[in-house]
Number of protein chains: 2
Amino acid sequence: MLTERRATILGLVVREYVQTAEPVSSKALVDRRGLDVSSATVRNEMARLEDEGYITHPHTSAGRIPSDLGYRTYVQSLMAEEPVGVEEQRTITHQLHQVAGGLDEWLSLTATILAGAVGNVAVVTRPRAVAAGRLRHLQLVELNAETALLVAVMDDGRLRQRLVPLRQPATQTQLLERAARLNARLAGMDGSGARALASDLPDADEAAIARAAAELIEEPRGAEETYLDGLSRALRQPEFADPDRMLDAVARLQAYRLRTLLEGAADAQPGETRVVIGSELAADQMQDWSVVIARYGDPEAAGTVAVVGPTRMAYERTIPRVRYIASLMGQLLHDMR
Amino acid sequence: MLTERRATILGLVVREYVQTAEPVSSKALVDRRGLDVSSATVRNEMARLEDEGYITHPHTSAGRIPSDLGYRTYVQSLMAEEPVGVEEQRTITHQLHQVAGGLDEWLSLTATILAGAVGNVAVVTRPRAVAAGRLRHLQLVELNAETALLVAVMDDGRLRQRLVPLRQPATQTQLLERAARLNARLAGMDGSGARALASDLPDADEAAIARAAAELIEEPRGAEETYLDGLSRALRQPEFADPDRMLDAVARLQAYRLRTLLEGAADAQPGETRVVIGSELAADQMQDWSVVIARYGDPEAAGTVAVVGPTRMAYERTIPRVRYIASLMGQLLHDMR
DNA sequence: AGTTAGCACTCTCGCCCCGAGAGTGCTAAC
DNA sequence: GTTAGCACTCTCGGGGCGAGAGTGCTAACT
């Protein structure tokens, strides 16, 4: 049973440990956090908290550190989220509007901003259609006599391109006509529709183009690129003082390893923020890590924003900031279309 | 004066040190490299080499390690390049042809392959026109009644896109006509040409589109994205056993810090491979690093391939592999157009 | 019954010391 | 010019040790 006083103490242990990265002693809590009981009482309560599994001992004569259950309880019941201040909001939106280039730069910038705001590794994935994509429009551009560049605009505004070899050389004007013809029949189609149509077309080149279009439509959602930033900042945390751990962290965070981590939240709704702590992570080897994760966008184009860091993380700051960035991204993505 | 024997010894010291990462003793050289003189003779020669600045002493009773001058001499006169074997060539081209997606995935894959081939950090920059770009073709796609997506195909085949707000709502058909009209006048233009034309156009929307096209053409060559891989592998090198050094390395290698490093080789010719060793690097704080760098492509679209690692690097392997990858990329890039 | 002072006990951490080992530079002989 | 021999230097790892921090328990207090 978590009495009110024990809950308070657990909360203070988490906060103190997150701040100092040192095991928290009973004395430190009384002295620096203004508990109006003696350290002996705190010690008794701590022993109870340890029995119940909320905190642990690195060794006999050291202070306490929160267990995964301790963090979980803190996040769910004890913590008061620290709202994103007006000033901070302004800074973030300001930075976010700096972007001159396309979607990719925007995502990469977002990762940087988020990493800066929470002092940990931030990951952003490219938005992609949850439903299978449809073709909005295609275009052909002459590259040389035997090759055309096929550009497909998807219904989520994403561009995909592919080279198409031509049997019959064609001029740009001919290509434009051909694109117009194909557009009339292909617009709004999904991959299988385009494929079916391709087999109906008498002209070999047009059929090839339609087939290429079908492949572009079905393309595995584009490589799910992830943008990551804040690595060197996060590595400054004392938990990585040991070079083996640091190396381990770098290797794990190479973007492709993160995929599986983030996939777990693919079913989350935009607006929802999930926190996965330590042993709750499916990945066995990431017991010391936590992930704060949110989806942004809508079913037509949704992506993931996440912060990854040691379980000793300032959850009350991280969670609202991830949520805020995700909602901003959702808005901006919506405005783009 | 570097006698032949001293040159041999210097070469052996470099090779041995690169391999073992331990200071090289006179005895080790005689025992393991089959020198047919005694260790005392080697010691004498080493003392000379040290006087002349080719090698140094970490401390009095330790073996020798090459200085930057030592590496430089090795690379320029002593080393025999280890050619990329047929089998390795096959593996590399095979991997390189795996790519399904666009340019970006291709570049990122190349970085991975190169990093794997040399066991160090590999960096690849996006190819960009050295000369100012020209417009090949533009296309307009209806997004909604008030917004169109402007897609510009550059003469190097690169796509650029931008949203253009419309005063007059337009259907896709109208947009197609408009694109055809604009293409007739804009194709082949550079930025200032497009800008000049924009101010001549009577229609406000068309002028806006032409202006947007001008900006796309002049767009700062696209953010010069760099693709980096092999970090965690490189960090396994013993020089990073100290966590401070490791942290330092990670921070430096965040892509944006690398720019200045790579810029130094912007004037290199494709085919040329440059090696910059330790103190030769302009960046003061990278004294322990070397860069092997090559340009690929042609003036119309050129990029950089590089390997970055500790000065203790297997130059005879790295240099030919960087050169090989650069030439492959040049070919592939050429074939794409 | 809950709280607290006091105290013995435990464990870590940093420090020093020291011996083993590796490698050099020098000298003297070949 | 080369080499054996040797004294000398410096690093590195391990053991020992004392200081310090923190706990758990007991007994007294409210």
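Below, chains carry the letters A, B, ... as their sequence lines are ordered, and counting in each starts from 1.
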Can you list, by residue number, the residues of residues 32-42 of chain A that have a non-hydrogen atom closer than 4.0 angstrom to DNA chain C?
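Residues of residues 32-42 of chain A that come under 4.0 Å of DNA chain C are, in numerical order, A/Val37, A/Ser38, A/Ala40, A/Thr41.
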Residues within residues 13-27 of chain A bordering DNA chain C, heavy-atom distance below 4.0 Å:
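By residue number: none to list.
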Salt-bridged, [X] to [Y], with N to O below 4.0 Å?
| X | Y | result |
| --- | --- | --- |
| B/Glu280 | B/Arg72 | yes |
| B/Asp288 | B/Arg245 | yes |
| B/Arg321 | B/Glu88 | yes |
| B/Arg317 | B/Glu81 | no |
| A/Glu272 | A/Arg274 | yes |

Show, in sequence, the C-alpha distance, side-chain angles and deciding distance for B/Tyr315 and B/Val275, and conclude whether the side chain to side chain contact (heavy atoms under 4.5 Å, CB included) test is met.
CA-CA 9 Å; B/Tyr315 296 97; B/Val275 183; 3.9 Å; yes
Please list, pair by pair, any protein nitrogen or oxygen found under 3.5 Å from a nitrogen or oxygen in nucleotides 14-16 of chain C.
none

Mind checking what makes side-chain contact (heavy atoms from CB on, under 4.5 Å) contact with B/Ala241, not counting sequence neighbours?
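B/Ala241 satisfies side-chain contact (heavy atoms from CB on, under 4.5 Å) with no residue once adjacent residues are dropped.
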Applying side-chain contact (heavy atoms from CB on, under 4.5 Å), can you list everything that pairs with A/Leu69, at least two apart in sequence or on another chain?
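Applying side-chain contact (heavy atoms from CB on, under 4.5 Å) to A/Leu69 gives A/Tyr54, A/Ser67, A/Thr73.
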Determine which bases of DNA chain C form Watson-Crick or G-U wobble pairs with both distances under 3.5 Å, and write the result as a 5' to 3' dot-bracket string with | for other-strand partners.
||||||||||||||||||||||||||||||
Is any side-chain heavy atom of A/Val124 closer than 4.5 Å to a side-chain heavy atom of A/Thr226?
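A side-chain contact under 4.5 Å is absent here.
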Side-chain heavy atoms of B/Leu29 within contact of B/Val13, under 4.5 Å
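They are in side-chain contact.
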Residues forming a salt bridge (Lys or Arg N to Asp or Glu O under 4.0 Å) with A/Glu22, sequence neighbours excluded:
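A/Glu22 satisfies salt bridge (Lys or Arg N to Asp or Glu O under 4.0 Å) with no residue once adjacent residues are dropped.
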Partner residues of A/Asp248 under the salt bridge (Lys or Arg N to Asp or Glu O under 4.0 Å) criterion, sequence neighbours left out:
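Partners of A/Asp248 under the salt bridge (Lys or Arg N to Asp or Glu O under 4.0 Å) test: A/Arg252.
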Does the gap between the ring centers of B/Tyr71 and B/Trp289 come in under 6.0 Å?
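Between B/Tyr71 and B/Trp289, the centre distance exceeds or equals 6.0 Å.
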Between [X] ([atom1]) and [N] ([atom2]), how many Å, whole number?
| X | N | atom1 | atom2 | answer |
| --- | --- | --- | --- | --- |
| A/Glu50 | D/dG22 | CD | C1' | 13 Å |
| B/Met46 | C/dT24 | CE | C1' | 10 Å |
| B/Glu45 | D/dG1 | CD | P | 10 Å |
| A/Asp31 | D/dG22 | CG | P | 10 Å |
| B/Asn44 | C/dG23 | CG | P | 17 Å |
| B/Ile65 | C/dG23 | CD1 | P | 14 Å |
| B/His57 | C/dA22 | NE2 | P | 16 Å |

Phosphate OP1/OP2 of C/dG2: any A/Arg48 side-chain N/O under 4.0 Å
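No, no such contact exists.
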Go through the structure and list residues passing ring pair (Phe, Tyr, Trp, His ring centres under 6.0 Å) with B/Tyr74, not counting sequence neighbours.
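Scan of B/Tyr74 (ring pair (Phe, Tyr, Trp, His ring centres under 6.0 Å), adjacent residues dropped) gives none.
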Give me each pair satisfying salt bridge (Lys or Arg N to Asp or Glu O under 4.0 Å) with a member in residues 109-120 of chain A, each pair once, sequence neighbours excluded.
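Pairs touching residues 109-120 of chain A that pass the test: none.
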Listed pairs under 3.5 Å, donor-acceptor, residues 111-122 of chain B side chains, sequence neighbours left out:
{"unit_1": "B/Thr112", "atom_1": "OG1", "unit_2": "B/Ser108", "atom_2": "O", "d": "3.0"}
{"unit_1": "B/Thr112", "atom_1": "OG1", "unit_2": "B/Asp229", "atom_2": "OD2", "d": "2.7"}

If you restrict it to nitrogen or oxygen atoms, what contacts under 3.5 Å exist between nucleotides 6-10 of chain D and the protein, and what is each distance?
{"unit_1": "D/dT9", "atom_1": "O2", "unit_2": "B/Ser61", "atom_2": "OG", "d": "3.1"}
{"unit_1": "D/dC10", "atom_1": "OP1", "unit_2": "B/Thr60", "atom_2": "OG1", "d": "3.4"}
{"unit_1": "D/dC10", "atom_1": "O2", "unit_2": "B/Ser61", "atom_2": "OG", "d": "3.1"}

